[in-house]
Every structure is written in structure tokens, then in C-alpha cells.
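For reference, the structure is listed below as C-alpha cells.
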2 protein chains.
Amino acid sequence: MQEKPNLHQVARLAGVSIASASRALTGQSASAETVRKVRSAAKQLGYVPDATARTLRLGGTRQVVFAVDDIGNPNYVAMLRAIEHELGHRGIRLSVSSTGREMKQTLDLVRSLNVGVADGLIISPIRVTPQLRRALEECVVPVVVIGSLDKEVAIDRVRVNSTKAVEMAVAHLVETGRRHIAFINGPLDTNPGAARQLGFETAASHHALSYSSGHMICADDFTAAAGLAAGNKLIKNLKGAGEPIDAIVAANDLIGVGAISACVGAGLQVPTDVAVTGIDDTEIAAVFNPPLTSVSLRAAKRGRQAAQLLLKRFEEPFRDPELLTVDPVLKVRASTLPPQPEGTY
Amino acid sequence: MQEKPNLHQVARLAGVSIASASRALTGQSASAETVRKVRSAAKQLGYVPDATARTLRLGGTRQVVFAVDDIGNPNYVAMLRAIEHELGHRGIRLSVSSTGREMKQTLDLVRSLNVGVADGLIISPIRVTPQLRRALEECVVPVVVIGSLDKEVAIDRVRVNSTKAVEMAVAHLVETGRRHIAFINGPLDTNPGAARQLGFETAASHHALSYSSGHMICADDFTAAAGLAAGNKLIKNLKGAGEPIDAIVAANDLIGVGAISACVGAGLQVPTDVAVTGIDDTEIAAVFNPPLTSVSLRAAKRGRQAAQLLLKRFEEPFRDPELLTVDPVLKVRASTLPPQPEGTY
DNA sequence: CTGGAAGTTGGAAACGTTTACAACAAGGCA
DNA sequence: TGCCTTGTTGTAAACGTTTCCAACTTCCAG
């Protein structure tokens with residue numbers, strides 16, 4: 001820890017005015033001699049310009065905030081990496097905020113942007129209240145939303161059809177011979193939860209699957225631990241009701257992983273007895289035991305696109321808001337191998 | 001997006017000087033009448049004080065940076081949560097930086113602190129070069145290191161004995177009847193990698209285990225994918241050499257998870273044929289299939305302590321640097337059940 | 001030799017806030 | 001009444017930077 005010198009001291013040491021010192025360092029018009037003197041003085045003192053003062057003068061911290069509910073979810077980590085990559089080489093720092101389930105924290109965060117902490121916000125909220133929507137609309141810096149917003153608002157947005165993702169998962173299970181499919185969702189009061197619920201019900205009726213309310217259960221959140229708990233409960237309930245299942249669709253990979261553990265704990269083989277699918281296609285899916293079939297929601301691509309939208313808006317603040325949509329893609333792995341390997345026919 | 005009003009406008013609307021306006025809002029001496037007028041004017045305009053200007057005047061952005069190599073590692077997420085919790089209710093924002101394996105990025109980050117972007121840094125580096133050590137020493141803001149630093153430097157630090165953690169893992173395996181133990185480490189040029197290597201070799205000789213160099217392999221990094229690749233290679237090598245193993249110690253949970261997948265892929269049952277242990281006791285350990293025995297390195301506790309050290313240093317900038325040590329604890333799960341259940345004796 | 005162009009320089013203002021200081025009013029006490 | 005205390009207010013300086021503007025030098029063409 002050392003005291004940091006300021007431009008006055010550099011200028012004094014170089015024997016020039018602070019205006020000249022500033023120009024010499026920022027590369028404005030200055031004589032070669034002045035530049036040399038100032039550079040040398042700056043180096044000698046270890047001078048670095050103060051970011052706060054510069055920000056105040058210039059307007060614009062070169063910082064963007066990325067806000068998610070749970071940074072522990074690998075899905076968001078994938079987004080984060082993509083955003084960081086996109087913004088990083090433009091000299092923009094990324095500040096990550098894991099807001100958790102407290103809506104107040106999220107609101108505080110958005111409001112804190114109004115005090116000039118950052119130049120922009122990329123947010124992927126799972127719960128959207130009217131307050132949050134208003135806060136986002138009224139934000140003094142550009143906002144890009146990854147996900148849903150219920151009502152149309154004039155904000156740049158990247159979305160993915162996760163309803164369709166669930167439908168794809170169900171279709172895949174049906175195609176590989178499963179008919180008794182259960183669904184472990186996340187909380188229904190979240191946007192992803194609601195969309196996926198719709199997807200399951202649509203697909204179930206489309207494929208004329210018979211299912212009862214006992215086939216659907218909601219985990220407390222989108223984590224593996226919650227998935228395990230919900231999976232245990234689901235299996236117990238269905239066993240009690242005498243309704244066997246041969247497949248589980250999980251609302252995301254973490255829940256899916258928890259569900260597999262629940263199956264194994266209950267003595268059910270995956271995929272022999274029960275097939276399991278996840279959603280998100282996170283890193284864990286490929287290395288789980290067995291590897292988890294999952295529907296990719298293209299987190300990295302969405303992150304990249306969100307960053308690009310934000311950059312575009314920096315350039316042209318008054319563009320019409322844009323809505324980008326990416327399509328889910330199915331990744332088949334061992335957790336949904338057919339009960340009798342197809343090769344045996 | 002709206003234009004943001006400043007204090008001048010509030011003062012003008014309230015019919016007072018900006019000094020009075022500032023005092024009224026910050027709660028200094030001001031008459032009830034003035035406070036009322038200013039408050040009302042501020043609310044009417046939607047005024048929020050500008051953080052940059054305030055920072056410039058007051059000194060001190062209320063922001064701290066947390067830097068890690070890979071935010072995708074749940075271990076760091078646990079630290080992050082603890083730090084955020086500790087700093088959050090003191091009104092300090094936490095900015096997360098995932099520096100990746102590029103040393104240059106880390107150096108840039110540390111240097112960027114010298115421009116006044118944040119008031120402090122908590123860093124958990126896995127590779128420490130002399131340059132990095134120097135940059136940390138010369139940093140103008142307080143730094144707390146979670147992890148090793150090779151040489152003693154005058155910086156607050158929280159450490160854990162991960163050498164001992166590996167020894168505990170090996171001891172546990174030996175106690176449960178394993179004798180042919182392999183080790184999948186992370187990169188040896190990292191501090192955790194080096195410490196764990198030492199731990200394995202110490203423990204192996206202490207328990208008089210016979211092992212060849214073929215029993216030790218290094219994954220490319222501390223991820224599950226690298227663990228899977230290394231696990232595959234390890235199994236193939238040992239099979240080629242005709243050296244069977246009955247246990248694998250992995251340098252962290254992600255590698256451990258990858259190792260289990262490798263075993264399963266090679267037709268080895270876990271824990272019946274091969275026991276596997278991880279390190280870190282991250283969330284994934286409890287929900288994996290089978291649940292992974294792991295040695296907790298108390299990530300949350302270390303994060304909390306690091307945050308507290310930083311806060312203490314804010315209070316007293318010239319305290320002597322402190323070194324806190326936490327002890328690892330073993331969490332036994334199904335991945336190391338003895339080959340013959342102990343109950344059968 | 002003079003006028004202007006081109007290039008360089010320093011003074012001072014600005015960004016938006018907080019606060020030291022002085023001025024002022026009101027009130028109490030001798 | 002005069003003096004001191006107490007409380008409130010406004011002016012102005014400060015934080016560290018960038019940049020407008022005017023002044024200065026140098027040089028060249030007329």
C-alpha cells in the first residue's frame with residue numbers, strides 16, 4: 001500500500017502545467033519534448049490516473065453489471081463467461097451480482113445503477129414483479145434482459161423458448177419408448193417454472209400421455225439439493241399411489257442430477273428403469289453418472305447476444321428495442337437410453 | 001432511461017443553496033423546514049446522489065473485488081456467497097472477477113485497482129508468479145489472499161492445509177480397507193496442485209502403500225471434464241501395466257466426479273471395485289451418484305474470514321498482517337463404502 | 001518587415017458532491 | 001442594551017481529471 005500521486009505532482013516534476021501533462025499522457029497535441037518529460041515523470045512517480053475523477057469528468061464508468069439469481073447455477077456461469085469475453089476486450093469490466101431470492105436485493109441493485117455505479121445492466125431474473133419491471137424501465141442506464149418479462153416493455157431482450165425445450169424432452173422420451181413420464185419443475189412462481197409447466201402439459205396432452213397431478217412436483221428452487229428432495233418425494237408418492245413411472249423430465253440439469261440420485265437411492269436404475277432428462281445442458285450433464293440427456297438453452301449464445309445488444313445501445317441510445325430469440329437443441333446422452341437397447345430388435 | 005437531476009436542481013427547486021440541500025439530505029444540521037422542502041424537491045425530481053462525485057469527494061468507492069481463477073468451480077461460489085453476505089449488509093458491493101488461467105488478466109486486474117475502481121481486493125489465486133506477488137504487495141488498496149503465496153509477504157491471508165486434506169483422504173481409504181490407491185491431481189504448477197501432491201506422497205509413504213508413478217496423474221485443470229479425461233487415461237495406463245487399483249483420491253470434487261464417470265465408463269463399480277474421494281465438499285458431492293466422500297476445505301468459512309480481515313484493515317490500515325488457518329474436515333459418503341460392508345463381519 | 005497560420009502551452013472551468021468557514025439571526029443572560 | 005451562545009444558512013474550496021479558450025511562440029509567405 002502506497003500513496004498514489006496525482007497529475008499535479010507529475011506536472012510539477014515535469015515542469016509543465018497540468019493541462020499539458022494531461023495532454024501528453026492522453027495523446028493530445030503536445031511537443032515531443034513535453035511528452036518525454038511527462039512520461040518520465042509519470043513513470044518515476046508511478047502515476048496512474050484516477051478512475052473516479054476521470055469518470056466524473058468524462059461520464060461513464062467502464063463497468064457493466066450482470067445480475068442473476070444464483071451464480072451457483074452453471075447455466076449462469078456459462079452466460080457470465082460469454083458476456084465477460086464479449087465485453088472484456090473492449091476494456092469494460094463486468095461486475096457480477098448474485099441477488100438471491102430476495103426481491104428487495106434485486107430492486108436495490110437496479111436502483112443502485114441510478115447512482116452511476118455502472119454504465120449498463122444485463123439481468124436474467126427468474127421472478128418478475130411489477131416493481132422490478134418498473135425499476136428496469138425507469139433505469140437511467142441501458143438494460144438488457146435475458147429471459148421473460150411477462151408484459152412487453154421497451155427493453156432489449158434475449159429469450160429462449162423453454163416451453164418448447166420441455167416439449168422436446170418429452171418428445172424424445174416418447175420416441176425412445178417411455179409413456180409414464182413425471183415432471184420435476186422448479187418453483188411455479190418463477191418465469192422459467194411457469195413456462196416449463198406449460199411445456200410439460202402441452203406435450204403430455206399432445207402425446208396423449210396419461211398422467212395425474214402426482215406426476216408433477218415442484219422443487220423448492222433450481223438446485224440439485226432441491227431436485228433430490230423433490231425426487232424422493234415424487235417417488236414415494238407414486239409408489240404409494242401404485243403409479244409406476246419410466247421417465248422423469250427435470251426442469252434443469254441440477255434438478256435432473258438430484259432426480260437421478262433420488263432414483264438410485266430408491267433402487268431404480270437409470271436409464272434402465274427410469275430415463276431422466278435435464279434442461280440447460282450445463283457442464284455437469286456430460287460428466288454425471290450416467291451422463292444426462294439435456295436440452296441446451298444456449299446459455300453462452302444468449303450471454304453473447306445480450307452483451308452485443310448492450311454494446312449496440314451504447315452506440316445508439318435511441319434505437320428501437322430489439323428482441324432476439326435462440327432455439328433450444330436436444331443433446332442425447334446415456335440417461336435416456338431406451339430400456340431395451342434399440343440394437344437388439 | 002431518463003436524465004438524472006443533480007443537487008443544483010434540487011436546491012433551486014427547494015429555494016435553498018446546494019450546501020443546505022446536501023446537508024438536508026445527508027442529515028446534517030438543517031432546520032425542519034429546509035429538510036421538508038429539500039426532501040420534497042428531491043422526491044419530485046427523482047433525485048439520487050451521484051456515486052462517482054461522492055466517491056471523488058469522500059474517497060472510497062464502496063466496492064470490493066473478489067478475484068478467482070474459475071467462477072465455474074462451486075468451491076469459489078461458496079466463498080463468494082460468504083463474502084457477499086459479510087460485506088453486503090455493510091453496504092459494500094462485491095464485484096466478481098473470473099480471471100481464468102491467463103496470468104496477464106490477473107495482473108491487469110490487480111493493477112486496475114490502483115486506479116481507484118475498488119476499495120479492496122480478496123483474491124484466491126491458484127498460480128502465484130513473482131510478478132503477481134509484487135503486484136499484490138504494491139497494490140494501493142488493502143488485499144486479502146485466500147490460499148498460498150509461496151514466500152511470506154506482508155498481506156492478510158486465510159489458508160487451509162490442503163496437504164493435510166489429502167492425507168486425511170488417504171487415511172480414510174486405508175482405514176476402510178483400500179491399499180491400491182491412485183491419485184488424480186490438478187496441474188502441478190498450481191499451488192493447490194503442489195500441496196496436494198505432497199500430501200499424497202507423504203500419506204502413501206506413511207501408510208507404506210506401494211505405488212508407481214503410474215498411480216499419479218495430473219488433470220489439465222480442476223474441472224470435471226479434465227477429471228474425466230485424466231481418469232480414463234489413468235485406468236487405461238494401469239490396466240496396461242497390470243496394476244489394479246481399489247481407490248482414487250481426486251484433487252477436488254469436480255475431478256472426483258469426473259473420475260467416477262471414468263470408472264463407470266470402464267465398467268468399474270464405485271464404491272464396490274473402486275472407492276473415490278474428492279476434496280472441497282462442494283454441493284455436487286452430496287448429490288452425485290454415488291454421493292462423493294470429500295474433505296471439506298471450509299470454503300464458506302474462509303470466505304467469511306477473508307471478508308472480516310478486509311473490514312478490519314479498513315478500520316485500521318496499519319495493523320500487522322494476519323494469517324488465519326482453518327482445518328479441513330472429512331465428510332464420509334457412499335463413494336468410499338468398504339468393499340464388504342462392515343456390518344457383515 | 002508584417003500578417004497570419006500552425007503548433008504548443010497554461011489558466012480556468014467543468015463534472016457533482018461534501019464541508020470548512022464565515023455570516024447571520026434569534027434568544028438568553030448580565 | 002450589549003454580549004455571548006446556539007442554530008441555520010450561503011459562499012467557496014476541494015476531490016482529480018479533461019478540455020475550452022486565449023495567449024504565446026515559431027515559421028513562412030507576401
Margin query: Tell me the interatomic distance from B:L7, atom CG, to C:dA14, atom C1', rounded to whole angstroms.
Written below: 16 Å
Margin query: Measuring from the side chain of A:A53 (C-beta onward, heavy atoms only), which nucleotide among C:dT17, D:dG16, D:dT19 has the closest atom?
Written below: D:dG16
Next item on the list: Using salt bridge (charged side-chain N to carboxylate O under 4.0 Å, His left out) as the criterion, list what pairs up with B:D221, not counting sequence neighbours.
Entry: none
Note to self: Salt bridge check, A:R157 against A:E322: does any charged N sit closer than 4.0 Å to a carboxylate O?
What the structure shows: no
Checklist line | Set of side chain to side chain contact (heavy atoms under 4.5 Å, CB included) partners for A:P192, sequence neighbours left out | finding: A:I126, A:T190, A:R196, A:F222
Next item on the list: Starting from C1' on D:dT11, measure out to CZ on B:R23 and report it in whole angstrom.
Entry: 10 Å
Item checked: Set of salt bridge (charged side-chain N to carboxylate O under 4.0 Å, His left out) partners for A:D69, sequence neighbours left out -> none
Next item on the list: Look at all strands and tell whether B:T52 reaches a base, only sugar-phosphate, or nothing, counting heavy atoms closer than 4.0 Å.
Entry: nothing
Next item on the list: Would you tell me if any nitrogen or oxygen in the side chain of B:S20 comes within less than 4.0 Å of OP1 or OP2 on D:dG10?
Entry: yes
Next item on the list: Provide, to the nearest angstrom, the distance between the CG atom belonging to A:L58 and the P atom belonging to C:dG16.
Entry: 13 Å
Tabulate below the donor-acceptor pairs under 3.5 Å that side-chain atoms of residues 13-26 of chain A make, not counting sequence neighbours, or state none.
{"from": "A:S17", "atom 1": "OG", "to": "A:A19", "atom 2": "N", "distance (Å)": "3.4"}
{"from": "A:S17", "atom 1": "OG", "to": "A:S20", "atom 2": "N", "distance (Å)": "3.2"}
{"from": "A:S17", "atom 1": "OG", "to": "A:S20", "atom 2": "OG", "distance (Å)": "3.3"}
{"from": "A:T26", "atom 1": "OG1", "to": "A:S22", "atom 2": "O", "distance (Å)": "2.8"}

Notebook entry, point to check: side chain to side chain contact (heavy atoms under 4.5 Å, CB included) with B:S98: which residues, sequence neighbours excluded?
Noted result: A:E84, B:I71
Note to self: Within the 4.0 Å heavy-atom criterion, would you say B:L56 contacts the bases, only the backbone, or no part of the nucleic acid?
What the structure shows: base
Checklist line | Residues A:T52 and A:T55: side-chain donor-acceptor under 3.5 angstrom | finding: no
Item checked: Residues which pass side chain to side chain contact (heavy atoms under 4.5 Å, CB included) with A:R93, listed by chain and number, not counting sequence neighbours -> A:Q63, B:V117
Notebook entry, point to check: What's the CG-C1' distance between A:L25 and D:dT17, to the nearest Å?
Noted result: 11 Å
Item checked: Atom pair distance, as rounded to whole Å: CG in A:L45 and C1' in D:dG16 -> 15 Å
Next item on the list: Only counting residues at least two apart or in another chain, list the ones meeting side chain to side chain contact (heavy atoms under 4.5 Å, CB included) with B:Q9.
Entry: B:P5, B:N6, B:R12, B:L45
Notebook entry, point to check: Near DNA chain D, which residues from residues 8-19 of chain B have a heavy atom under 4.0 Å away?
Noted result: B:V16, B:S17, B:A19
Checklist line | Which nucleotide in C:dG16, D:dC21, D:dG10 has an atom nearest any side-chain atom of B:D50 | finding: C:dG16
Check: Where along residues 30-44 of chain B does a heavy atom fall under 4.0 Å from DNA chain C?
Finding: none
Name the pairs: protein N/O against N/O of nucleotides 22-28 of chain C, kept only if under 3.5 Å.
none

Next item on the list: Could you tell me which residues satisfy salt bridge (charged side-chain N to carboxylate O under 4.0 Å, His left out) with A:R159, sequence neighbours excluded, listed by chain and number?
Entry: none
Item checked: salt bridge (charged side-chain N to carboxylate O under 4.0 Å, His left out) partners of A:R127, counting only residues at least two apart -> A:D189
